[in-house]
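When a ligand or atom number is given, it counts from 1 through the structure's own listing order. Note that the numbering runs from 1 along the sequence shown for the chain.
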Amino acid sequence: MAKTQKYSWGQGELYEMLCLMMIGYCIWVFGTKFGFFDYFFYFAIRHDLLNLVMLSGCIGLGAVAATIRKSFLLRKAMRGRAAAEMRTESIARHDALTGLANRRFFLELFDGMTKAHQPGDRLAVMVIDLDRFKPVNDVHGHAAGNAVICAVADRLRQIVPSRGVVARLGGDEFAAVVPYGEGPDTLIVLAEQIIAAIRAPIHWNHNRIHVDATIGIAPVTLDNNEAEGLLHAADLAMYEGKRDGRGTFRIFAAEMGAALKARAELESDLRLGIARGEFVPFFQPVVRLPSEDLVGFEALARWNHPTKGLIAPDQFIPVAEQTGMIGDLFYSLLHQACMSAQNWPPHLLLSVNVAPQQLQDPRLPQRVLAILTETGFAPSRLETEITETAIINDLQAARSALMSLQNIGVKIALDDFGTGYSSLYHLRELRFNKLKIDRSYVTTLMQGSEGAKLVDAIIQLGASLGMETTAEGIETVSNLDWLSRQGCTFGQGYLFGRPMPKDVTERFLENAQIAKLEQPGRANAG
Ligand code: C2E
Ligand code: CA
Ligand code: CA
C-alpha cells in the first residue's frame, strides 16, 4: 500500500516543473538585476544575431519539453513496475482461486495480530476441513469443485468477524484466526455457524451440491502462541472431529497429541500391511431357510498382523475408509476371495462388503469386472453388500455404481438393514436383490415382541418388493425356527458357522458334502 502513495499521479512531475521554473526565475532575476540581458540584447542587435538567439530559445524550449516528457514516461514506467511488484507480492500472498490469504500470508497476519494484541483480547486458530469434497470433484468435475471452494470461501468471509483473518491453506482446507473476547462460548457459536453455513446447499449448473465441514480449534495460550504450533494443534483437534463422525468441531486438548500419534502409526501400518498382503478374507457360511442348504459365503476382512496377530475389521475398516485406503484393501480381498471361491462347488455364491466411499469411485464397476475376468469367477456368483450410509451420502453416485454392477451381472444386497435411514423410496429406486436384516434385530428377537414385529415387517417388505432377505447373527435354534416360519429366505450366524480362513472353509465344504450324502436335504454344519 505504501508504494502507491510514493508514485501517486503527477506529484513528482509538478515538483520537477516547479524546480525548473524557479531556476528560470532566478536566471531572469540575475539577468535583469545585473543588466546581463540588456548587454546580451545590444550585443545580438549590433552583430545581427537576433534570429540566432530566437532559434536557440526555440531549441531550448523544445529540449525542456522533451525533458519533461521523458520525465513523465520514466515515472509512468516506475509506476508500472511498482504496480507489477505489488501484484506479484499479492499473488505470492493470496490464493489464486478464492483471493483469500494463503498459508504464508496467514502466518504473517497471525504474527501481526498477536503483536497488536490487547490485554483481555483472546485469539484462537481454526482449521476448517471440508467433508465429502472429493466426491464432488469425482462426480461433477473440477469446475464444480472450484465453485464449491469459492462458495465456501465467501461464506467464511461473511461469518468470520472483521477483526479476524480467513485463509485457504490448500485443497479443501481453510484456516481462520478469530478474536473471542467474551469467552469460549463465542468460539463454539462461531464454529456451529460456520458448519451450518457450509452445510447449506451450493447451487452449481442446476445441481445442488452438499458438503460438510469439520473444524479443529486451538485457542492461543501462554505456552502455545506460535502460528505453526497452533495450526498443528487445530489440525489434531480437526482429525479428532473427523474420527468422531465429521460435520462437527473439536477444541484442542493436550491428550489429543498421543491419540493422534497412535492413529498415525495405525495408518502407516495399514498402508504397509496392504502392500505386504497381510489382509485376508475369512468366509462365513450363508444357508437357505428352512432347508439350511449352504448357498454361499460372505467374505469378511481379517488383518494377519505380523506382531499383533489376527485383527478384527472394526479395528481397521473405519481407518481404511477415512484415509481412502479402502479401495486397495477391497480389490486385494476381492481378488483373494474370487481365487478361493473358484475351488468351491459352482452353485455357491460369494458376498463381499463394499464401503460407502467406494460407490463414489466411478472406476469401481470396471475394476470389479477386471478382477472377475482375471480370476475367471462368474459375475452371477458375486454379490456386493452395501450399507444404507452409502445411499444416503450420495444417492446419484450410488445409483450409477449399483446399476453398472448389476449390468455386469453382479447382485446387490442392502446390508445392516434397519440401522440407517434408507426409505422405501431408496429401496424401490435402487432395486436391491436382497435385504440383510441387521444382527441387532435378530439377537433381540426373543426378548420382546417389538423386535419380532419389526423383523416380520422387513421380511414382508422384502417379499412385496421382490427381494430376498437374509437374517444375520442367528445363534440359536429358536431364532432359526422363528425366522424360517416367517419366510426369511436366508440365514447367517454362528449357528451355521463362524467366519473362517480359506483352508478351514475348504474342510468345512468337504464335511458339508459328507453330511449331505449321509443326510440328504441338510447341509447344516452346526
Ligand atoms: P457385517 O458385514 O454386518 O458382517 C457380519 C459381522 O457379524 C461379522 O463381523 C461377523 O463375524 C459377525 N457375525 C456373524 N454372525 C454372527 C453371530 O451369530 N453372532 C455374532 N455375535 N456375530 C456374528 P466381523 O467379521 O467382525 O465384521 C464386522 C463388520 O466389518 C462387517 O459387518 C462389515 O461391516 C465390516 N467388514 C468386514 N469385512 C469388510 C470388508 O472387507 N470391507 C468392508 N467395507 N467392510 C468389512
Ligand atoms: Ca456384510
Ligand atoms: Ca451386516
Participant: Could you say whether the N/O atoms of Q358 and ligand 1 ever approach to under 3.5 Å?
Facilitator: no
Participant: What atoms of ligand 1 come closer than 4.0 angstrom to any heavy atom of E475?
Facilitator: 17 (C), 18 (O), 19 (N), 20 (C), 21 (N)
Participant: Quick one: does A312 get within less than 4.0 Å of ligand 1, heavy atoms only?
Facilitator: no
Participant: Do you see a donor-acceptor pair shorter than 3.5 Å between the side chains of D131 and T214?
Facilitator: yes
Participant: Do side-chain atoms of Q284 reach the backbone of G497 as a donor and acceptor pair under 3.5 angstrom?
Facilitator: yes
Participant: Salt bridge or not between E298 and K436? Use side-chain N to carboxylate O under 4.0 Å.
Facilitator: yes
Participant: Counting each atom of ligand 1 from 1 as listed, which ones have a heavy atom of G473 under 4.0 Å away?
Facilitator: 15 (N), 16 (C), 17 (C), 18 (O)
Participant: What are the atoms of ligand 1, with element, lying closer than 4.0 Å to any heavy atom of A355?
Facilitator: 44 (N)
Participant: Run the numbers for me: atoms of ligand 1, each under 4.0 Å from some heavy atom of D416, listed by number.
Facilitator: 3 (O)
Participant: Just one of I217, D235, L230, V178 clears the side chain to side chain contact (heavy atoms under 4.5 Å, CB included) bar with V125, so which one?
Facilitator: L230
Participant: Do any nitrogen or oxygen atoms of L300 lie less than 3.5 angstrom from nitrogen or oxygen atoms of ligand 1?
Facilitator: no
Participant: Mark whether atom 32 (O) of ligand 1 lies under 4.0 angstrom from at least one protein heavy atom.
Facilitator: no
Participant: With a cut-off of 4.0 Å, which atoms of ligand 1 are near a heavy atom of I474?
Facilitator: 18 (O)
Participant: Output yes when R199 and D212 qualify as a salt bridge under the 4.0 Å nitrogen-oxygen rule, no when they do not.
Facilitator: yes
Participant: Answer with yes or no whether the side chains of R246 and T248 bring together a donor and an acceptor at under 3.5 Å.
Facilitator: no
Participant: How about atom 9 (O) of ligand 1: does it have a protein heavy atom within less than 4.0 Å?
Facilitator: no
Participant: Taking side-chain contact (heavy atoms from CB on, under 4.5 Å) as the test, write out the residues that go with A337, two or more places apart.
Facilitator: P281, F283, A299, L350
Participant: Is R399 salt-bridged to E429, cutoff N-O under 4.0 Å?
Facilitator: yes
Participant: Do you know how many protein N, O or S atoms are within a distance smaller than 3.0 Å of the Ca ion (ligand 2)?
Facilitator: 4
Participant: Look at R243 together with E240 and state whether they make a salt bridge at an N to O cut-off of under 4.0 Å.
Facilitator: yes
Participant: List ligand 1 atoms under 4.0 Å from E298, heavy atoms only on the residue side.
Facilitator: 2 (O), 4 (O)
Participant: Looking only at protein heavy atoms, which one is nearest to atom 11 (O) of ligand 1, and what is the separation?
Facilitator: P499 CG, 3.3 Å
Participant: Before accepting this row, confirm whether a basic side-chain N of the pair R157/D154 lies closer than 4.0 Å to the acidic partner's carboxylate O.
Facilitator: yes
Participant: Can you tell me if M500 has over 12 outside heavy atoms packed within less than 6.0 Å of its CE?
Facilitator: yes
Participant: A quick test of your reading: do over 12 heavy atoms of other residues, nucleotides or ligands sit less than 6.0 Å from NZ of K134?
Facilitator: no
Participant: Run down the list R439, Q315, E385, K436 and name the one with the heavy atom closest to atom 12 (C) of ligand 1.
Facilitator: R439
Participant: Charged N to carboxylate O under 4.0 angstrom, R103 versus E228?
Facilitator: yes
Participant: If you take the nearest heavy atom of each of P313, P281, S332, which one is closest to atom 37 (C) of ligand 1?
Facilitator: P313
Participant: Considering distance alone, does some N or O of D314 sit under 3.5 Å from an N or O of ligand 1?
Facilitator: no
Participant: Could you check whether atom CZ of F249 has more than 12 heavy atoms from other residues, nucleotides or ligands sitting under 6.0 Å from it?
Facilitator: yes
Participant: So for ligand 1, is D415 a polar contact partner (N or O within less than 3.5 Å, distance only)?
Facilitator: yes
Participant: Quickly, which of R155, H210, R208 forms a side chain to side chain contact (heavy atoms under 4.5 Å, CB included) with I202? Name it, please.
Facilitator: R155
Participant: Please classify the R498 to ligand 1 contact at 4.0 Å (heavy-atom distances, strictly less than): side chain, backbone, both or neither.
Facilitator: neither
Participant: Nearest protein heavy-atom contact for atom 38 (N) of ligand 1: which residue, which atom, what distance?
Facilitator: A301 N, 3.0 Å
Participant: I need the atoms of ligand 1 closer than 4.0 Å to a non-hydrogen atom of L333, numbered in the order shown.
Facilitator: 41 (O)
Participant: Taking the six-membered ring for Trp, is the centroid-to-centroid distance between F417 and Y441 below 6.0 Å?
Facilitator: no
Participant: Give the single entry among N353, V352, L334, L329 that approaches atom 45 (N) of ligand 1 most closely by any heavy atom.
Facilitator: N353
Participant: From the options V166, I128, V177, select the one residue that forms a side chain to side chain contact (heavy atoms under 4.5 Å, CB included) with V160.
Facilitator: V166
Participant: Going by distance only, is there an N or O of Y494 that falls short of 3.5 Å from an N or O of ligand 1?
Facilitator: yes
Participant: Could you identify the single nearest non-hydrogen protein atom to atom 15 (N) of ligand 1 and state the distance to 0.1 Å?
Facilitator: Q284 NE2, 3.0 Å
Participant: Could a heavy atom of E472 be found less than 4.0 Å from some atom of ligand 1?
Facilitator: yes
